[in-house]
Amino acid sequence: ASGAMSAFRRCAAALEKAEASAANWPEDLEIGAYDEVRNAHADLVEEAARFRARLAEVDPVTNEPRYGPNMKAKVEDWIARYEQLGDALDTHAAAADARRA
């Protein structure tokens, strides 16, 4: 379980860092930062899919959900924030492209 927790912590830290960079968009939209956030978001795609899948999983032996209630809440929150970050990237993509010119 500690392996899953540390993996989650790493993903949580990565998401927080990306969220902090994107916090003041579009005012502070800097192209290097935009690309960094986009790359961070892309790097978390597989983890996001894994978290989503695990939310639905049940332990075959105990028939209990894969995540306890606390972890489930954390993972659901992480997924929601991950999706919000994706929305922010989409929303500001045109502005970011304009700054590339």
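Predicted, not measured: the structure shown is a model, and the values here were computed from it.
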Legend entry - Distance in Å, Cys11 SG paired with Asp43 CG, rounded so as to fall on 0.5 Å steps: 10.0 Å
Legend entry - Aromatic ring proximity, centroids under 6.0 angstrom, Phe51 and Tyr82: no
Legend entry - Side-chain touch Leu29/Asn24, heavy atoms, less than 4.5 angstrom: no
Legend entry - Heavy-atom side-chain proximity of Trp25 to Val37 below 4.5 angstrom: yes
Inset, instruction - Taking the side chain as every heavy atom from C-beta outward, state whether Lys72 and Leu55 have any atom pair closer than 4.5 Å. - result: yes
Inset, instruction - Taking the side chain as every heavy atom from C-beta outward, state whether Met71 and Phe8 have any atom pair closer than 4.5 Å. - result: yes
Inset, instruction - Using a strict cut-off of less than 4.0 Å between a Lys/Arg side-chain nitrogen and an Asp/Glu carboxylate oxygen, indicate whether Asp77 and Lys74 qualify as a salt bridge. - result: no
Legend entry - Gap separating the CZ atom of Arg81 from the CD atom of Glu76, nearest 0.5 angstrom: 13.5 Å
Inset, instruction - Just do the side chain to side chain contact (heavy atoms under 4.5 Å, CB included) check on Glu64 and Val58 with the steps written out, would you? - result: CA-CA 5 Å; Glu64 293 287 318; Val58 182; 5.7 Å; no
Inset, instruction - Answer yes when Arg99 and Glu30 have at least one side-chain N-carboxylate O distance shorter than 4.0 Å, and no when they do not. - result: no
Legend entry - Inter-residue atom distance Leu89.CG - Arg38.CZ, 0.5 Å rounding: 8.0 Å
Inset, instruction - Given side chain to side chain contact (heavy atoms under 4.5 Å, CB included), test Trp78 with Leu44 step by step and report yes or no. - result: CA-CA 11 Å; Trp78 186 93; Leu44 291 168; 4.0 Å; yes
Inset, instruction - Please report the closest heavy-atom contact between Asp59 and Arg66, naming both atoms and the distance. - result: OD2-NH1, 4.0 Å
Inset, instruction - Please indicate whether Glu57 has more than 12 foreign heavy atoms, meaning atoms of other residues, nucleotides or ligands, lying under 6.0 Å from its CD. - result: yes
Legend entry - From Gln84 atom CD to Asp87 atom CG, the distance as rounded to the nearest 0.5 Å: 7.5 Å
Inset, instruction - For residues Ala96 and Ile31, report the shortest heavy-atom separation together with the two atoms involved. - result: O-CD1, 3.1 Å
